[in-house]
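Notes follow once the structure below has been shown.
In what follows, every heavy atom counts, from backbone to side chain, and hydrogens, waters and symmetry copies are set aside. Quick note on labels: first sequence line is chain A, next is B, and so on, each numbered from 1.
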2 protein chains.
Amino acid sequence: MSARVTMADVAEAAGVSRALVSLAYRDAFGVNGDTRRRILDVGDELGYVHNRIAASLASSGATSIGVYLQDLHNDFFADVHDGIRDAVETEARDLVLAVGALGGERDAGSLRALQGARVGVIIGAGILMPDAEVQAFSSRTPIVSIAREVPGVDSVSSDNLAGGRLATSHLIELGHRRIAMLANPPSDGYLGRRAGYEEQMASAGLASRTVEVSYSRADAATAAIALLDGDDAPSAFFAHNDQTALGVLEVLLARGITPGREVSVIGYDNSSVSGAPGTSLSSVDLHGAQLGAAAGRAALRRLADPAAPPELEVTSPELVLRMTTGPAPV
Amino acid sequence: MSARVTMADVAEAAGVSRALVSLAYRDAFGVNGDTRRRILDVGDELGYVHNRIAASLASSGATSIGVYLQDLHNDFFADVHDGIRDAVETEARDLVLAVGALGGERDAGSLRALQGARVGVIIGAGILMPDAEVQAFSSRTPIVSIAREVPGVDSVSSDNLAGGRLATSHLIELGHRRIAMLANPPSDGYLGRRAGYEEQMASAGLASRTVEVSYSRADAATAAIALLDGDDAPSAFFAHNDQTALGVLEVLLARGITPGREVSVIGYDNSSVSGAPGTSLSSVDLHGAQLGAAAGRAALRRLADPAAPPELEVTSPELVLRMTTGPAPV
DNA sequence: TTGTATGCGTTATCAA
DNA sequence: TTGATAACGCATACAA
């Protein structure tokens, strides 16, 4: 608990100027590699820690990167985080994290907190505010939106249409003809998944059967029961996300139906639960780490040129096949 | 992109002094509720955001709370985060997050980053540094350790001995006699789980069979295969965590053995995968949110009194039974 | 490389 | 409540 060590102390102990110490800690130009090492060593010995607070206040342009993640319980956001960190760490930028909430009730507060931390740009994954609010916010602190396209705002998203096509056409190729889709509420976006499904069904001459469900597993289970008990029960389900697919699996297992044999199921997100033994859910992978990395690079570009026109980058999803998909029963 | 709005601007627009604006934004005493609201409204209109960077630099004592989470892919840490946030948000403290890595290779860097952000205390979940380093670090910036007891450092941990007893005695009550434990490397702590297992086995007159494995699923699978193929194959497995238990399940399913019928399995952590249909793993729940909340409160106490003696708080784990546990086959 | 001066936007302290 | 002023620890620009 000695008095706080400052740059001045390090400078004195190392026998150099304050300014040089400052440069050394930012590994800027104009400081010889040897002296740099020596300065850092002296700093370590004294227990000095570069004060990013003071540094940030003093430097005019904000250089740190804010990261907003909707929900830590969802593995997708963990992937996104990893991707961002990978893409950004070569630049030695500070990442400032803020976590939201599933319902979006923390969006505004968390984004404000990042703004209060004076980040230069915010990478947002799972922001639920309306487009208009995102745009308004972005005009003060630029946002890079992940997995959601916001007009006028840098966006990095996965091709949902392609994902919907991938899943559906695979089920069709397996011989399924009665394929139901459990879709999310249209107001939340991700419409491409549904569009891809309906397009593929139509072009195969099959009738679409789309049921809208919420994000809860229980809700999905209810919908699955209704479909299975109805006329012309489907032999395959395409779910808008893994959570929904788990609801379907729950129903199948409870009825003694083996997923992948009698009935096939494909989810979306390829979250960590998908790979669990026993569950082994086929799913569409968004490649969250890839999205995060792309967003990280976009953030660096935005920091470098605040006036550049907004960018839109679209990455391709991938179908990951496990045990819940199999040939249609005869 | 207007010029940055500062407190001075707000003060002028609201027709009050700078000092009053400062007080209003910290909702401190000495500012009438009405004027406070008015000041905040004016601030909003001007698009002012309280600059936490400048505030933090100017205020003498650090009041923000650092949170170190080892790995976002593990649901346990998400629970911990939620618990901390709940416990702390009434105090309106800033949470500063840092994320580590599974192998511990980011421990030092992440903790330093928090120190550089001048937090007043750090809540650490999943720190892997040796005790001595944690203690040394904690003497500069106090640490509250979660799920790991570090002598001389505030710690909030779950009672691993009780957890090991719970799991083992339950298997014994189910009639199992050949119960194997897949334990973690002793150097990582959590020794109580193993001790609880061995104690319960001994007091039931049964022979312990402990095999040490790493944290990888594949490693656990290998160990399970060796045990199942050996003499006197176990009818039940107690795994030191869920990941390890999944490795066992993988082997059982591959061999057509139904978990919970022929062979029982209990994991530890009750992570999100445990509840997936098809997996349905019985597990010991650490109650991460509860641990987080306790740590949050401990952090607030530490902030209030840096000189108080270190505290140790121990919470009780709970056995969550699902499909992978059942009576011993006859 | 070195000093040195100036400023970043607050908080904190005091006297009024 | 108000001003006014001194920190806070650093970045930055400049002259040497």
Quick check on side chain to side chain contact (heavy atoms under 4.5 Å, CB included): which of Val121(A), Ile122(A), Val144(A), Leu97(A) does Ile65(A) satisfy it with?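 The residue from Val121(A), Ile122(A), Val144(A), Leu97(A) that satisfies side chain to side chain contact (heavy atoms under 4.5 Å, CB included) with Ile65(A) turns out to be Val121(A).
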
I need the single residue from Leu95(B), Thr63(B), Val96(B), Val67(B) that forms a side chain to side chain contact (heavy atoms under 4.5 Å, CB included) with Val119(B). Which is it?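 That would be Val96(B); it is the only one of Leu95(B), Thr63(B), Val96(B), Val67(B) passing the side chain to side chain contact (heavy atoms under 4.5 Å, CB included) with Val119(B).
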
Protein heavy-atom contacts under 4.0 Å, written 5' to 3' over nucleotides 3-16 of chain D as B (base), S (sugar-phosphate only) or - (none), form the string -----BBBSS----

Would you list the atom pairs, donor with acceptor, under 3.5 Å between side chains in residues 105-114 of chain A and any protein atom, with sequence neighbours excluded?
| unit_1 | atom_1 | unit_2 | atom_2 | d |
| --- | --- | --- | --- | --- |
| Glu105(A) | OE1 | Gly103(A) | N | 3.4 |
| Arg106(A) | NH2 | Glu89(B) | OE1 | 2.9 |
| Asp107(A) | OD1 | Tyr68(A) | OH | 2.9 |
| Asp107(A) | OD2 | Leu128(A) | N | 2.6 |
| Asp107(A) | OD2 | Met129(A) | N | 3.1 |
| Ser110(A) | OG | Val99(A) | O | 3.1 |
| Ser110(A) | OG | Arg106(A) | O | 3.1 |

Could you give me the CA-CA distance, side-chain angles and deciding distance for Glu149(A) and Ser157(A), then say whether side-chain hydrogen bond (donor to acceptor under 3.5 Å, both in side chains) is met? CA-CA 6 Å; Glu149(A) 297 175 25; Ser157(A) 76; 3.1 Å; yes

Range-with-range stems for DNA chain D, at least three Watson-Crick or G-U pairs under 3.5 Å: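 So far as stems of 3 or more pairs are concerned, DNA chain D shows C:3-14 with D:3-14.
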
Does any non-hydrogen side-chain atom of Thr315(A) lie less than 4.5 Å from one of His287(A)?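 Heavy-atom side-chain distance check fails, nothing below 4.5 Å.
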
First locate atom CD1 of Ile143(A), then atom CD of Gln135(A), and finally report the distance between them rounded to the nearest 0.5 Å.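 Output value for this atom pair is 10.0 Å.
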
Distance-only donor-acceptor check, side chains Arg26(A) and Ser22(A), under 3.5 Å: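 Yes, because at least one side-chain N or O of Arg26(A) sits under 3.5 Å from a partner of the opposite role on Ser22(A).
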
